[in-house]
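One structure is given below, encoded as structure tokens.
In this text, all values refer to a predicted model and were calculated from it rather than measured experimentally. We name chains A, B, ... by the order of the sequence lines, and we start the count at 1 in each one.
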Amino acid sequence: MTVQRYALFLGCNVPVRNLGYELAARRVAEALGIELVDLPGFRCCGYPLKALDSYAALLVAAHNLCQAEAAGLPIVTLCNACSGTLTEADLELKEDAALRERVNQDLARVDLHYQGTTQVRHFLRVLDNEIGWEASRGRISRPLDNLHIAVHYGCHYFRPTRVFHSYGAEPREDAEAPAALDRLVAATGAINVSYDGRNDCCGGGLLGLRPDLAQEQAGRKVREVQRRGADALLVACPTCGLNFSNSQPADQELTILYFPQLLGLALGLDPDELGLELNQIPADGLREKLGV
Amino acid sequence: MERGSALLTDRSALNTIRACYQCAKCTSGCPVAALDPGYNPRRFLRLAAIGEEEAVLRDGKLWYCLACFTCQERCPEEARPAEVLLALKNLACERGFAPAALLAAARLVAADGRLYNIDEFHNEYREDEGLPALDEETGILGKLLALTGLQGRLEG
Ligand code: SF4
Ligand code: SF4
């Protein structure tokens, strides 16, 4: 089996606030023969600057792309905002020579030069398109048939669809109706719980300005998922995960799982190695159901 | 000064306002409008189209936009409402109307390279959990941001 190598782009949230997600991603990658390389030099993706100054965000994103280019590696991200921002920056810079020239003038001041030789992929897309669920299926040693799982992709996993289409990140052409998490759930043997509004935003973008509205939006989804009888909500983004976790009544908690945690459980990995204890909402009920 | 102009990548989006024929599909699918009836993306586009963008730039609710892009996917015309709102936020920032919370976050990115600083203490915690320590801050993002128009806003 050829080992696939990627530079792991953690961004700001994951390495500080979502250690369980990071831990599970690393263990699952190891189990599937994917090498995740930690590069010094990766910083904020640029997303928090975008609303203030799109060019500043682009420059910061380009700086990160340069780090991966220097290492000769494609980038894999765990966060939807990182994935979206780096993908869009790479696309714009590859397509627009004048913009590239201008960005390179600024990057030269810190001895960097963007060349356009890397690629950006969300870890979920790597599993979905480059590894394939068949590879996982053969290794499932703990089928999750008694679990009911609802999925939430998060906006910047697939919107704006124009960007992911043009970038070639969605060879299956399901940019408008993403299905990677559904394929993952199917591979693990769990039951996929459908619910209304599953492609709706979690509301996380309002956490800084109007946390009350952000939590109201997330709470709506959580209640709908609970009403449908799901054991857990499966997410692909740290901001979605945090917002859903913080928008729940304490007496009726819904487990929030990061997708590598679900896959890791099905692959038979030790639940303690998958960082379940590090999630904001304890996954005790789910572990009980699985007897692990 | 041309360097660092926030609209560099967004000017084309602003031009798409002309394609908007006020069908309101954007607002009817907008999650923020569902939470707060006082928030209306269609109206923002209308005001910008008739030269009243000043009212939009001064409206604090402009910043409620989640950039979820739901409106843009629904728009039946060639307008790009989500990108238009992003460009309008950039303009509002240039004018000094950006919310303090967003500027504070940007200052952290400029100072620490990340929204959440990674220090020795946190790296020890990571290692205890079986995760590698991350590299220390070099100040490179601060140097890059000093080349952009955002720098003045962060100082101001
Ligand atoms: S959906 Fe498009 S055309 Fe309709 S009001 Fe909104 S921006 Fe204008
Ligand atoms: S991008 Fe902004 S205006 Fe458009 S639907 Fe989302 S929150 Fe509403």
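Side chains of A:Tyr167 and A:Asp90: a donor-acceptor N/O pair is present below 3.5 angstrom, by distance only. There is no side-chain donor-acceptor pair under 3.5 Å between B:Tyr64 and B:Asp36.
For the set B:Leu85, B:Leu103, B:Leu35, the count of heavy-atom pairs under 4.5 angstrom toward chain A peaks at B:Leu35. Comparing B:Glu73, B:Gln151, B:Gln72 by how many heavy-atom pairs each has under 4.5 Å with chain A, the most go to B:Glu73. Most heavy-atom pairs under 4.5 Å with chain A, from the set B:Val109, B:Ile118, B:Leu141: that is B:Leu141. With chain B as partner, the option from A:Pro48, A:Pro160, A:Gly203 having the largest number of non-hydrogen pairs under 4.5 angstrom is A:Pro160. With chain A as the partner, the residue from B:Thr138, B:Leu108, B:Leu102, B:Asp112 showing the most heavy-atom pairs under 4.5 Å is B:Leu102.
In the displayed structure, B:Gln22 atom CD is contacted under 6.0 Å by more than 12 heavy atoms of other residues, nucleotides or ligands.
If you measure heavy-atom distances from A:Asp200 to chain B, you find no contacts under 4.5 Å at all. Using a 4.5 Å cut-off between heavy atoms, A:Asp96 does not touch chain B at all. B:Ala67 touches chain A through backbone and side chain together, each having a heavy atom under 4.5 Å away. Looking at A:Tyr157, there are no atoms closer than 4.5 Å to chain B (heavy atoms on both sides), in backbone or side chain. Heavy-atom distances place no part of B:Ala100 under 4.5 Å from chain A, backbone and side chain included. Proximity to chain B (any heavy atom under 4.5 Å) is restricted, for A:Leu209, to the side chain, taken from C-beta onward. If you measure heavy-atom distances from B:Arg153 to chain A, you find no contacts under 4.5 Å at all.
Between A:Tyr47 and A:His156, the ring-plane angle classifies as tilted under the 30° and 60° cut-offs.
Taking non-hydrogen atoms and a 4.5 Å limit, the residue list of residues 121-136 of chain B in contact with chain A, ordered by number, reads B:His122, B:Tyr125, B:Arg126, B:Glu129, B:Gly130, B:Leu131, B:Pro132, B:Leu134, B:Asp135, B:Glu136. Applying a 4.5 Å heavy-atom cutoff, none of the residues of residues 37-50 of chain B approach chain A.
Between A:Arg198 and A:His152 the shortest heavy-atom distance is O-ND1, 4.0 Å. What you find for A:Arg26 and A:Leu36 is that their closest heavy atoms are CA-CD1, 4.2 Å. Taking each heavy atom of B:Lys25 and B:Pro76 in turn, the nearest pair found is CD-CD, 4.1 Å.
Here A:His63 and A:Tyr114 keep their ring centres 6.0 angstrom or further from each other.
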